[in-house]
Chemist: 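This is the structure, below, for whatever I ask next.
Numbered from 1 within each chain, the chains take letters A, B, ... in sequence-line order. Scope of the values below: all heavy atoms of this structure, side chains included, with no hydrogens, waters or symmetry mates.
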Amino acid sequence: MALHDWNLTPEAAIALQKRLAPSVRREDTLGEVGLIAGMDIGFEDGGETTRAALVLLEWPSLTLVEQVVHREPTRMPYVPGLLSFREIPAALGAFEQLSQRPDLIMVDGQGIAHPRRLGIASHLGLWLDLPTIGVGKSRLCGQFGEVPSAKGEWAPLTDRRREEDPSDVSVDARGRVTIGAVLRSREGVKPLFVSPGHRLSLPTAVDWVVRCLGRTKLPEPTRLADRLASRKGEVALSGQLSL
DNA sequence: GCGACAG
DNA sequence: ATCTTGTCGC
């Protein structure tokens, strides 16, 4: 299927997610990490234009080495659970302009913390066959208790087991599985929802997000991508170090 | 049938 | 996500 054939009905999109979800890898397959990408989407013209922003940071300096913005007409509406079909086409357009392949990608949105375990981070990871982490600012599904107040600590995000979950996942006494972490990325601020996208485990996903944290709520990769996607013009070259 | 609902 | 002014705090 071509990139632009994603003119699916909600039913077809859901069927596709169920078919793809089993291919998502939740084990660590990370190699040496030297480049980390951050991806986010923004909109213009009241939503008619989709703007994909991509930043590439060098690890461990977290120095910005490349940034890309790609614009194209919006072709799908926002539907909870089907976000990837609306945003991935533009994201891929941005990746085509990137001169280097990242070793890890942090995406604004959920990974497997999704009703069918295929949030935008997982879907993008599958498509690019690269390790991805979902870094959401709010919850899509799942339940969680009180989140510790110290930076770096987190509470598990759990959900009832779904057919899309692997046969070997650990299920608790109540038939629930852990799909992500509600992370305190900064004291006194609403927590982040971190979940594995593709090719890495939850502990590893949380580790990388924490390692990329500065003084702000969002880790550097998505913080810079966020800024590039929201503000107009390309504003990331300098004045990036908030560490 | 009644809520919940990434960006 | 985006539309928007002022305001609180480091």
Side-chain angles (χ1 to χ4, degrees), chain A residues 6 10-11 13-14 17 20-21 24 38-54 69-94 105-127 132-144 151 157-160 162 164 179-183 185-198 202 205 209 214-219 221-233 239 241-243:
Chain A
W6 289 17
E11 301 68 42
I14 288 173
Q17 292 181 325
L20 295 177
V24 173
M39 201 285 284
D40 189 26
I41 303 293
F43 297 88
E44 302 174 351
D45 311 322
E48 292 177 17
T49 299
T50 297
R51 178 179 54 239
L54 201 50
V69 174
H70 170 80
R71 274 170 244 260
E72 62 175 57
T74 300
R75 47 169 73 83
M76 304 233 79
Y78 166 67
V79 177
L82 303 181
L83 181 68
S84 63
F85 295 93
R86 170 175 164 85
E87 303 190 341
I88 284 187
L92 296 178
I105 306 170
M106 292 187 25
V107 182
D108 194 312
Q110 313 296 328
I112 62 170
H114 175 281
R116 289 166 292 285
R117 308 294 183 255
L118 194 77
I120 187 170
S122 298
H123 201 161
L124 183 66
L126 265 186
W127 193 288
T132 57
I133 297 175
V135 182
K137 296 186 287 295
S138 62
R139 183 196 72 94
L140 204 212
C141 69
Q143 301 279 293
F144 61 98
K151 175 178 179 179
L157 179 65
T158 68
D159 191 20
R160 50 159 256 220
R162 308 289 177 101
E164 290 78 10
I179 57 177
V182 187
L183 174 70
S185 57
R186 180 181 176 170
E187 290 185 9
V189 177
K190 290 207 307 176
L192 245 36
F193 292 76
V194 178
S195 60
H198 185 47
L202 176 59
V209 170
R215 301 168 184 169
T216 56
K217 168 179 175 174
L218 297 177
T222 50
R223 185 181 74 82
L224 294 178
D226 214 283
R227 205 178 70 175
L228 194 55
S230 301
R231 302 184 181 183
K232 296 206 168 187
L241 312 187
S242 70
L243 304 179

Chemist: Under a 3.5 Å cut-off on both pairing distances, which runs of 3 or more consecutive Watson-Crick or G-U pairs involve DNA chain B?
Modeler: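 Output for stems: empty, none.
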
Chemist: Round to a whole Å and report the spacing from CZ of A:Phe43 to P of C:dT2.
Modeler: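 Interatomic distance, CZ of A:Phe43 to P of C:dT2: 8 Å.
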
Chemist: Start with the C-alpha gap between A:Asp40 and A:Leu228, add the side-chain angles, then the distance that decides, and say whether side chain to side chain contact (heavy atoms under 4.5 Å, CB included) holds.
Modeler: CA-CA 8 Å; A:Asp40 189 26; A:Leu228 194 55; over 6 Å; no

Chemist: Would you jot down, in residue-number order, the residues of residues 111-119 of chain A having a non-hydrogen atom under 4.0 Å from DNA chain B?
Modeler: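 Correct list: A:His114, A:Gly119.
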
Chemist: So what does A:Gly46 hit on the nucleic acid, given a heavy-atom distance under 4.0 Å: a base, only sugar-phosphate, or nothing?
Modeler: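 The answer is nothing, as A:Gly46 stays clear of every strand by at least 4.0 Å.
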
Chemist: Taking CG from A:Asp45 and P from C:dT2, how many angstroms apart are they, rounded to a whole number?
Modeler: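 Taking CG of A:Asp45 and P of C:dT2, I get 12 Å after rounding.
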
Chemist: Determine, stepwise, if the pair A:Lys151 / A:Glu187 fulfils salt bridge (Lys or Arg N to Asp or Glu O under 4.0 Å).
Modeler: CA-CA 6 Å; A:Lys151 175 178 179 179; A:Glu187 290 185 9; over 6 Å; no

Chemist: Quick one: does A:Ile133's side chain get under 4.5 Å of A:Val209's, heavy atoms only?
Modeler: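 Yes; the side chains approach each other to less than 4.5 Å.
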
Chemist: Taking atom C1' of C:dG9 as reference, at what distance in whole Å does atom CD of A:Glu187 sit?
Modeler: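 A:Glu187 atom CD is separated from C:dG9 atom C1' by 15 Å.
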
Chemist: Hey, mind stepping through A:Asp226 and A:Asp108 against side chain to side chain contact (heavy atoms under 4.5 Å, CB included) and telling me if it holds?
Modeler: CA-CA 8 Å; A:Asp226 214 283; A:Asp108 194 312; 3.0 Å; yes

Chemist: Could you provide the dot-bracket string of DNA chain C, using ( ) for intrastrand pairs, [ ] for crossing pairs and | for bases paired to another strand, with Watson-Crick or G-U pairs below 3.5 Å?
Modeler: ..........

Chemist: Run the numbers on A:Phe43 and A:Glu87 for side chain to side chain contact (heavy atoms under 4.5 Å, CB included), then give the verdict.
Modeler: CA-CA 10 Å; A:Phe43 297 88; A:Glu87 303 190 341; 4.0 Å; yes

Chemist: Under 4.0 Å from any heavy atom of chain A: name the first and the last nucleotide of DNA chain B that qualifies, 5' to 3'.
Modeler: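 Boundary nucleotides touching chain A, in 5' to 3' order, are B:dA4 to B:dG7.
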
Chemist: Can you measure A:Ile88 atom CD1 to C:dA1 atom C1' for me and round it to whole angstrom units?
Modeler: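 Between C1' of C:dA1 and CD1 of A:Ile88: 17 Å.
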
Chemist: Assign A:Tyr78 to base, sugar-phosphate, or nothing according to its heavy-atom contacts below 4.0 angstrom with the strands shown.
Modeler: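 Result for A:Tyr78 = base.
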
Chemist: Please list, chain by chain and in numerical order, all residues satisfying side-chain hydrogen bond (donor to acceptor under 3.5 Å, both in side chains) with A:Ser185, sequence neighbours excluded.
Modeler: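 Residues passing side-chain hydrogen bond (donor to acceptor under 3.5 Å, both in side chains) with A:Ser185: none at all.
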
Chemist: State, yes or no, whether a side-chain contact exists between A:Leu118 and A:Leu126 at a heavy-atom distance under 4.5 Å.
Modeler: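 Yes - at least one pair of side-chain heavy atoms lies under 4.5 Å apart.
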
Chemist: Between A:Asp159 and A:Arg117, is there a salt bridge with N-O shorter than 4.0 Å?
Modeler: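 Counted as a salt bridge, because a side-chain N and a carboxylate O are separated by less than 4.0 Å.
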
Chemist: Is A:Arg116 paired with A:Glu164 through a side-chain N to carboxylate O contact shorter than 4.0 Å?
Modeler: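 A salt bridge is absent here (no side-chain N lies under 4.0 Å from a carboxylate O).
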
Chemist: Rounding to an integer number of Å, can you tell me how far A:Arg51 CZ sits from C:dA1 C1'?
Modeler: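 Whole-Å distance recorded here is 10 Å.
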
Chemist: Who are the ring-ring contact (aromatic ring centres under 6.0 Å, His included) partners of A:Phe144, not counting sequence neighbours?
Modeler: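 A:Phe144 satisfies ring-ring contact (aromatic ring centres under 6.0 Å, His included) with A:Phe193 only.
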
Chemist: Measuring only between side-chain heavy atoms, which start at C-beta, is A:Pro73 closer than 4.5 Å to A:Glu48?
Modeler: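 They are not in side-chain contact.
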
Chemist: Do the side chains of A:Pro219 and A:Met106 get nearer than 4.5 Å, heavy atoms only?
Modeler: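 A side-chain contact under 4.5 Å exists here.
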
Chemist: Minimum heavy-atom separation for A:Ser195 to A:Gly180, with atom names?
Modeler: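 The answer is CB-CA, 4.1 Å.
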
